[in-house]
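A quick write-up on the structure given underneath.
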2 protein chains.
Amino acid sequence: MALGKDYATQECSIARALEVVGERWTLLVIRDALYGVRRYNDFLVHLGIPRAVLAARLQALTAEGILEKRRYQESPPRDEYVLTDRGIALWPTLRSLGLWGREHFGESRLRYFRHAVCGTELGPYGECPVCALVVPVPDVEMTPGPGLDLDPADPVSRALLAPRRLLEPVDMDPQKPAGPDAPRKSPGAEAREPVGADAHKPVGA
Amino acid sequence: MALGKDYATQECSIARALEVVGERWTLLVIRDALYGVRRYNDFLVHLGIPRAVLAARLQALTAEGILEKRRYQESPPRDEYVLTDRGIALWPTLRSLGLWGREHFGESRLRYFRHAVCGTELGPYGECPVCALVVPVPDVEMTPGPGLDLDPADPVSRALLAPRRLLEPVDMDPQKPAGPDAPRKSPGAEAREPVGADAHKPVGA
DNA sequence: CAGCCAAGGTTCAATGACCGAACCGACCAG
DNA sequence: CTGGTCGGTTCGGTCATTGAACCTTGGCTG
């Protein structure tokens with residue numbers, strides 16, 4: 001990767017980790033994947049990342065076992081990129097990085113993360129202070145905070161405004177607001193239920 | 001910074017944080033600072049970073065309030081770079097990043113981190129499971145693990161082989177202590193920097 | 001069937017970051 | 001006066017990133 005040569009000489013797990021996720025955009029791609037973004041185009045519009053870089057990152061992350069490329073539709077063959085356990089394991093790192101960013105450079109709360117089961121806001125390590133457990137990633141509920149733009153330009157940001165659980169696939173269908181007309185509908189948008197290794201189990205609480 | 005333009009459009013604390021510490025080498029500089037490296041030349045030989053890049057990173061980190069440049073000697077004017085509270089606050093992030101790197105890409109333990117007060121190895125969030133508190137950074141003791149090279153080339157790596165607390169300035173004085181003789185200056189008891197260590201917070205409920 | 005559209009890439013020139021080596025200035029020791 | 005150290009800066013070459021254009025597959029429309 002970009003760092004390989006130099007970082008490889010370091011005897012340090014941090015350097016090892018940075019060889020894998022230390023390049024530009026990489027951690028933001030993983031963040032988006034945690035938020036439920038799965039498709040090339042959604043990453044593209046949400047991140048504003050150059051196409052070539054996105055393709056390179058998705059491929060590298062797949063090769064490292066952080067994302068998994070999965071066919072979700074055959075008719076026009078389409079793949080989505082889903083986090084593996086190895087990728088999900090980066091949640092605490094991203095959580096603490098985001099916390100640091102907010103505490104030292106953020107003006108207002110952008111997002112709240114709560115334990116979906118009890119509604120309690122997460123502690124600094126992603127734990128639920130009330131339930132006294134480290135909240136599993138699929139049980140983390142994300143809701144917008146006061147600092148978040150309520151009418152973002154891109155549809156992915158709009159879809160992410162709704163309260164949602166981490167890893168829950170972002171759904172672009174619900175309606176087409178802010179559109180004077182042109183009610184275009186993606187083909188085959190029906191029945192996009194995740195198959196196998198489902199990470200989001202409905203907790204009836 | 002390198003990322004500024006694009007990341008700035010993101011409404012996300014993680015992106016904000018990455019604007020500050022997301023460039024190549026930056027997190028490794030902070031890691032070294034946590035390990036006690038303070039001087040330009042020590043960063044240089046320990047990281048193997050190009051001089052120009054190191055100078056740029058030190059300046060940027062100082063401007064962001066993560067490092068503080070401090071005169072430690074007048075005769076030949078010499079400055080050292082010391083972590084501020086804002087920089088020390090990155091310890092949980094680096095801890096979890098290192099943990100992820102070790103669990104998913106490391107073969108053997110390179111370093112142990114313990115609570116210096118009781119000797120217990122730290123949990124995943126830097127907490128001491130026995131004392132049930134988040135260990136303040138200056139109370140974290142770092143010792144080499146079995147995977148670490150016992151005869152590294154550069155003197156900084158050699159100095160870091162000794163058990164030591166985080167933030168304790170690395171001392172290059174004991175030249176080639178091949179024998180059991182260890183005339184170390186009393187560490188830790190020295191007046192420490194203006195950084196106020198975090199309070200001892202009990203870990204989540 | 002022609003034409004258009006969308007998703008998911010690839011290619012390419014230009015720009016910017018990074019690299020390694022050389023150079024520089026202050027200071028001190030011999 | 002000479003050499004050595006520390007903490008940089010300068011500079012040419014290389015590598016990564018960027019933004020725009022182009023391509024491919026396949027469905028949908030008329």
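Naming: A, B, ... by sequence-line order, numbering from 1 per chain. Note: hydrogens, waters and symmetry copies are ignored here, and every other heavy atom, side chains too, is used.
OP1 and OP2 of dA16(D) both lie 4.0 Å or more from every side-chain N or O belonging to Trp25(A). Using a 4.0 Å cut-off, some side-chain N or O of Tyr81(B) falls inside it from OP1 or OP2 of dG8(D). Contact annotation: Arg24(B) side-chain N/O to dC19(C) OP1/OP2 distance is under 4.0 Å. In this model, the phosphate group of dT5(D) is not approached by any side-chain N or O of Arg78(B) to a distance below 4.0 Å at OP1 or OP2. Close to dT17(D), at under 4.0 Å from its OP1 or OP2, lies a side-chain N or O of Arg57(A).
The nearest whole Å value for the distance from the CZ atom in Arg38(A) to the C1' atom in dA7(C) is 17 Å. One can place NZ of Lys69(A) at 12 Å from C1' of dA7(C), the figure rounded to the nearest angstrom. Taking atom CD of Gln59(A) as the reference point, atom P of dG8(C) lies 15 Å away to the nearest angstrom. Glu80(A) has its CD atom 12 Å from the P atom of dG9(C), to the nearest Å. Taking atom CG of residue Leu44(A) and atom P of nucleotide dG9(C), one finds them 11 Å apart after rounding to whole Å. Computed from coordinates, the Leu54(A) CG to dA20(D) C1' distance equals 16 Å when rounded to whole Å. Atom pair Ile49(A):CD1 and dA16(D):P shows a separation of 16 Å (rounding to whole Å applied). Note: CD (Glu23(A)) to C1' (dC18(C)) measures 13 Å, nearest angstrom.
Here the closest heavy-atom approach between residue Asp149(A) and residue Leu161(A) is recorded as O-CD2, 3.9 Å.
Nearest to the side-chain atoms of Arg51(B) among the listed nucleotides dG7(D), dT17(D), dA7(C) stands dG7(D). Each of dT10(D), dT10(C), dG7(D) was ranked by its minimum atom distance to the side chain of Tyr72(B); first place goes to dG7(D). For Pro77(A), counting side-chain heavy atoms from C-beta on, the closest listed nucleotide (dC19(C), dC27(C), dG26(D)) is dG26(D). Checked against dC19(C), dG19(D), dG9(C), the side chain of Ala52(A) finds its nearest nucleotide in dG19(D). Nearest to the side chain of Pro76(A), among dG9(C), dG27(D), dC6(D), sits dG27(D).
Under the side chain to side chain contact (heavy atoms under 4.5 Å, CB included) rule, Leu47(B) has a single partner from Ile49(B), Leu44(B), Val45(B), which is Ile49(B).
Toward the 5′ end of DNA chain D lies the nearest nucleotide of Asn41(B), the other residue of the pair Asn41(B) and Ala55(B) mapping further downstream.
Proximity of Arg102(B) to Ser108(B): side-chain heavy atoms (C-beta onward) are nowhere separated by under 4.5 Å.
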Kindly determine whether Tyr125(A) and Trp91(A) satisfy ring pair (Phe, Tyr, Trp, His ring centres under 6.0 Å), including the steps that lead there. CA-CA 10 Å; Tyr125(A) 318 111; Trp91(A) 162 242; over 10 Å; no
Audit row: Arg114(A), Leu122(A), side chain to side chain contact (heavy atoms under 4.5 Å, CB included) steps and yes/no: CA-CA 5 Å; Arg114(A) 300 178 208 278; Leu122(A) 296 194; 5.7 Å; no
